[in-house]
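To start, the structure under review is shown below, and the notes come after it.
Computation of the quantities below employed the complete heavy-atom set of this structure, encompassing side-chain atoms and omitting hydrogens, waters and symmetry-equivalent molecules. All residue numbers in this chain count up from 1 along the given sequence.
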Amino acid sequence: MMTILTSQMSLFLLLLLFITTFHKTMCSNHTVVQCNEKDRETLLTFKHGINDSLGRISTWSTKNDCCAWEGVLCDNITNRVTKVDLNSNYLEGEMNLCILELEFLSYLDLSDNKFDVIRIPSIQHNITHSSKLVHLNLSSFNFDNTLHMDNLHWLSPFSTLKYLRLSGIDLHEETNWLQAVNTLPSLLELRLKSCNLNNFPSVEYLNLSSLVTLSLSRNNFTSYIPDGFFNLTKNLTYLYLRGSNIYDIPSSLLNLQKLRCLDLSQNYFMISSSIEYLNLSSLVTLSLSGNNFTSHIPDGFFNLTKDLTYLDLHESNIHGEIPSSLLNLQNLRHLYLSYNQLQGLIPNGIGQLPNIQYLDLSENELQGSIPTTLGNLSSLNWLFIGSNNFSGEISNLTFFKLSSLDSLDLSNSSFVFQFDLDWVPPFQLTYLSLENTNQGPNFPSWIYTQKSLQLLDLSSSGISLVDRNKFSSLIERIPNEIYLSNNSIAEDISNLTLNCSTLLLDHNNFTGGLPNISPMSNRIDLSYNSFSGSIPHSWKNLSELEVLNLWSNRLSGEVLTHLSASKRLLFMNLGENEFFGTIPISLSQNLQVVILRANQFEGTIPQQLFNLSYLFHLDLANNKLSGSLPHCVYNLTQMDTDHMDSWYVTTVVLFTKGQDYVYYVSPNRRTIDLSVNNLFGEVPLELFRLIQVQTLNLSHNNLTGRIPKTIGGMTNMESLDLSNNKFFGEIPQSMALLNFLGVLNLSCNNFDGKIPIGTQLQSFNASSYIGNPKLCGAPLNNCTTKEENPKTAKPSTENEDDDSIKESLYLGMGVGFAAGFWGICGSLFFIRKWRHACFRFIDRVGDKLYVTLIVKLNSFRRN
Ligand SMILES: *[C@@H]1O[C@H](CO)[C@@H](O)[C@H](O)[C@H]1NC(C)=O
Ligand SMILES: *[C@@H]1O[C@H](CO)[C@@H](O)[C@H](O)[C@H]1NC(C)=O
Ligand SMILES: *[C@@H]1O[C@H](CO)[C@@H](O)[C@H](O)[C@H]1NC(C)=O
Ligand SMILES: *[C@@H]1O[C@H](CO)[C@@H](O)[C@H](O)[C@H]1NC(C)=O
Ligand SMILES: *[C@@H]1O[C@H](CO)[C@@H](O)[C@H](O)[C@H]1NC(C)=O
Ligand SMILES: *[C@@H]1O[C@H](CO)[C@@H](O)[C@H](O)[C@H]1NC(C)=O
Ligand SMILES: *[C@@H]1O[C@H](CO)[C@@H](O)[C@H](O)[C@H]1NC(C)=O
Ligand SMILES: *[C@@H]1O[C@H](CO)[C@@H](O)[C@H](O)[C@H]1NC(C)=O
Ligand SMILES: *[C@@H]1O[C@H](CO)[C@@H](O)[C@H](O)[C@H]1NC(C)=O
Ligand SMILES: *[C@@H]1O[C@H](CO)[C@@H](O)[C@H](O)[C@H]1NC(C)=O
Ligand SMILES: *[C@@H]1O[C@H](CO)[C@@H](O)[C@H](O)[C@H]1NC(C)=O
């Protein structure tokens, strides 16, 4: 009270002072008083370090009154600068905190720009007056920690600060951050999210008693919060400690009787007694998701927080049944319990939660049928109950009054669906997942009535029959994602124009020509169907396309410039079709996977293919390609460097027609397959220096040349097939270094000399070597003791390659990329489960607890 009074008083006195000072000027001259000279200089100094490429502060020039500058506000009596707000202006360069020398500044917001350095002048020395600063926001846009500060000592003069936001600034060197903010007695709000804070220093006396909002999310404290920390923050109302690696909830948290919003998610702590008695009667939103409770929900847990409207416990390793005390939470609007191990039934009283809007029980082990009371929840917006062990019937009664339903997930369940053919649901959905449920053979007719669908997932649901007209108009109007994989739909959709960004129709029986696709399409998988004809001209402008899979259809025609607008394309699979003509040369530079296998492509392999620096999988096998291999194969840097630039981390398993052959596409298996073509000429030695290649297949061509010693450096090699060519010379001893080699075929060439001794090379049987009349040694016949052979071969071995074995060994040392990389990012990107998880639970910028809704909207807005 005292401080507020005195500050108000002094403000008042100041005002008086300035009114009298400027009164004369104002009256005698009717023009506006120019801004203070000192202020202008300070602002110009601040501007000096900024790179304002978009001209957002171009008004900041000596010609104008600085009070009229963009983002600057002056007191309209004193004309001193009181507020500078440059939020989100794409300013780059240096953020010079000399701006804090503005004597009357009370509000400074420089957040969400693109500054790359902060300069902190020794402000303390220059701030002799008492600061007026109340609001300071320097948060950075992406929380990406580009900005960095050694310490927070500079904060100490700003004793009037009430709002301090420094989120996203790297403060890991400031080990005493708490001490620094503890000098700010008026603080109401402190946000230090994603600041790389790594300890919770103890302070003797906590000064933060006025604090209302505290966000310390996304740090890495690796410690307990000192007990008693919350003893003196009794006004705390909003507390965010999401993903900050704290070990437990301090019991002093229970002092926070004004707490309305509590986010302790993603800390991996176990259940503690504090949870059981979270006697926080003011709580409105509570998030404890992403912890590791390894326990059931304590009985009394739901008794004490009657105002709760938002409860998030997803992915928290919770066991046991859903306690019926849940029904005490009569104000609940959001309930997220997904990704736990909950068992038993859905409590029958669920229909008595009158306000519930978002209900997510998916990915648990719940059983039984869906209580019919659920059909009474007329405010229900989201119903996610997929991936449980539910059984029983789903009928019009289940959805009796659900007129607000917007998103429905019943996926991966064995419900029996009992809808009348003419049932018209009381809702219009935007999101519907019935993946892996029993729907077929008819496409569920009620889905045709849904006019606002943005995402439809009916993969693996046994559908073979559709109503042609209704089906056509349904899939034409869905703007975002369509998943119909693994059904037996045999429609001709060649006359349709599909507007979705993701289209997965693989493993069906679609016939006729390819459909027209909107330019916004991003991911198209039409593999394993019976599409025929050529790629439509309308595909010429698929500029957003990243993934295209047409594997195993009956497509034909030439592929010339059809995909040249797809500059983002990174996965292109045209394999197992009847395409002909030459290989297209205007291709996306981002290609990581190129599969043209088993077509009728002819002509030479264009050099452009070998200049794709992200390529890790090249399969041109089974075509009619001729000519020799260009020397520029060495430009396939992805096959050569041990780090992976690829973000297309997925494993695609393909089955080739008529063969029992499983085919993997994965950054884990860098592949070059040029087999079964008419390639001839000498193989460039550079090919044997692509040390990360795991599969190399050149078999069934007319290639010649020697295997150079450098092959010993290709230590990741798992499968090498050079059979049925005209390779000659000795098998270099260095090949014995290929420890991972599991498949080797050198048969039917002109190799000579003795097969080198080495555990690996002898572990293959004779079939790997036969058809080389001059080759001998285990596993083939013993060599005759004639010494001529090796001797005559000697001179040529010496100049077979300049590189020494040592170098090739050295080159091969960058192994191990695979395990590490795969372990972290492996298959995250396109695996469905993850997509769904992400769809709902990505942690969004800002401390809003209502993440889920936002994420949902973002997902829909994705393009
Ligand atoms: C009033 O303003 C004008 C122009 O801004 C200036 O030229 C003039 O000197 C001022 N008069 C007084 C009395 O300050
Ligand atoms: C000064 O500006 C404030 C806010 O813009 C306004 O409310 C107030 O009336 C102004 N005072 C004078 C004297 O113009
Ligand atoms: C402090 O102010 C003096 C003059 O007032 C100036 O010369 C000096 O550069 C300022 N110090 C810093 C660190 O900005
Ligand atoms: C806590 O809040 C109340 C009312 O909001 C206020 O009167 C009191 O001064 C605050 N306490 C502190 C220590 O700031
Ligand atoms: C957190 O800190 C611990 C110990 O300092 C460290 O081992 C760990 O890698 C850090 N975690 C993150 C995500 O930075
Ligand atoms: C915090 O308060 C509790 C009682 O509310 C008390 O038992 C404890 O000693 C206090 N801790 C500190 C460090 O002051
Ligand atoms: C969760 O706790 C269990 C039991 O203590 C432990 O085995 C498991 O590793 C923990 N999981 C995580 C993600 O910390
Ligand atoms: C929770 O409340 C119910 C009634 O609402 C009561 O029967 C039960 O005993 C309470 N449980 C605890 C642990 O307080
Ligand atoms: C649900 O379907 C049954 C049988 O098809 C019908 O008799 C009943 O009227 C329907 N109920 C509602 C609420 O639509
Ligand atoms: C596709 O149709 C053919 C014959 O029309 C049939 O033999 C085959 O089983 C069907 N495939 C699928 C996946 O339904
Ligand atoms: C596609 O349109 C053409 C011309 O309008 C028509 O002849 C053909 O029957 C249509 N095909 C399908 C499968 O509807």
Would a distance-only check, ignoring hydrogens and angles, find a side-chain to backbone donor-acceptor pair under 3.5 Å from [X] to [Y]?
X: Thr160; Y: Val134; value: no
X: Asp65; Y: Cys67; value: yes
X: Ser289; Y: Leu313; value: no
X: Asn199; Y: Thr175; value: yes
X: Asn291; Y: Leu264; value: yes
X: Asn113; Y: Phe115; value: no
X: Asn219; Y: Leu197; value: yes
X: Ser140; Y: Leu138; value: no

Item to complete: Can you sort out the partners of Phe200 under ring pair (Phe, Tyr, Trp, His ring centres under 6.0 Å), two or more places apart, ordered by chain and number?
Response: Trp177, Phe221, Phe229
Response to the item:
His172 meets the ring pair (Phe, Tyr, Trp, His ring centres under 6.0 Å) criterion, sequence neighbours left out, with none
Discussion item. I'd like to know whether the aromatic ring centres of Phe384 and Tyr431 sit less than 6.0 Å apart in this structure.
Written reply: yes
Worksheet item: Any chance the rings of His135 and Tyr163 have centres within less than 6.0 Å?
Response: yes
What distance separates [X] [atom1] from [Y] [atom2], expressed to the nearest 0.5 Å?
X: Asn51; Y: Leu91; atom1: CG; atom2: CG; result: 9.0 Å
X: Leu155; Y: Leu136; atom1: CG; atom2: CG; result: 7.0 Å
X: Ser287; Y: His334; atom1: OG; atom2: NE2; result: 12.0 Å
X: Gln266; Y: Leu288; atom1: CD; atom2: CG; result: 11.5 Å
X: Asn176; Y: Asn151; atom1: CG; atom2: CG; result: 10.5 Å

Worksheet item: Given the rule in the side chain to side chain contact (heavy atoms under 4.5 Å, CB included) test, do Asn267 and Asn292 qualify, once you have shown the distances and angles that lead to the verdict?
Response: CA-CA 8 Å; Asn267 283 298; Asn292 191 8; over 6 Å; no
Give a yes-or-no answer on whether the side chains of [X] and [Y] include a donor-acceptor pair shorter than 3.5 Å.
X: His48; Y: Glu94; answer: no
X: Ser111; Y: Asn87; answer: yes
X: Asn381; Y: Ser404; answer: no
X: Ser265; Y: Arg242; answer: yes
X: Ser281; Y: Gln257; answer: yes

Item to complete: Spell out, with a plain yes or no, whether Cys66 and Cys74 have SG atoms under 2.5 Å apart.
Response: no
Worksheet item: For Asn36 and Asn79, what are the C-alpha separation, side-chain angles and deciding distance, and is it a side chain to side chain contact (heavy atoms under 4.5 Å, CB included)?
Response: CA-CA 7 Å; Asn36 178 282; Asn79 261 36; over 6 Å; no
Worksheet item: Can you list the steps and then say if Arg568 with Glu544 is a side chain to side chain contact (heavy atoms under 4.5 Å, CB included)?
Response: CA-CA 6 Å; Arg568 295 162 164 240; Glu544 300 293 313; 3.7 Å; yes
What is the minimum heavy-atom distance between [X] and [Y], and which atoms define it?
X: Thr183; Y: Pro185; result: O-CD, 3.1 Å
X: Gln357; Y: Ser379; result: CG-O, 3.5 Å
X: Ser217; Y: Leu241; result: OG-N, 3.7 Å
X: Leu44; Y: Trp69; result: CD2-CH2, 3.6 Å
X: Val81; Y: Asp39; result: N-OD2, 3.0 Å
X: Cys261; Y: Thr285; result: SG-OG1, 2.6 Å

Taking [X] first and then [Y], would you say they form a salt bridge - that is, a charged N and a carboxylate O separated by under 4.0 Å?
X: Arg80; Y: Asp75; answer: no
X: Glu70; Y: Arg56; answer: no
X: Glu101; Y: Lys38; answer: no

Practice prompt. List in chain and number order the residues that pass side-chain contact (heavy atoms from CB on, under 4.5 Å) with Asn245, two or more places apart in sequence or in another chain; answer none if no residue qualifies.
Written response: Asn220, Thr222, Tyr247
Worksheet entry | Leu216 side chain near Tyr240 side chain, heavy-atom distance below 4.5 Å | no
Worksheet item: Side chains of Leu110 and Asn137: closer than 4.5 Å at any heavy-atom pair?
Response: no
Practice prompt. Examine Lys132 relative to Phe104 and say whether NZ or CZ is less than 6.0 Å from the centre of the six-membered ring and inside a 45° cone about the ring axis.
Written response: yes
Discussion item. For Tyr336 and His314: C-alpha separation, side-chain torsions, deciding distance, then whether ring-ring contact (aromatic ring centres under 6.0 Å, His included) applies.
Written reply: CA-CA 6 Å; Tyr336 304 105; His314 85 266; 7.3 Å; no
Discussion item. The test is side chain to side chain contact (heavy atoms under 4.5 Å, CB included); show your working for Arg333 and Tyr310 and say whether it passes.
Written reply: CA-CA 6 Å; Arg333 287 208 290 267; Tyr310 183 107; over 6 Å; no
Worksheet item: In terms of the angle between their ring planes, are Phe158 and Trp154 parallel, tilted or perpendicular, with boundaries placed at 30° and 60°?
Response: perpendicular
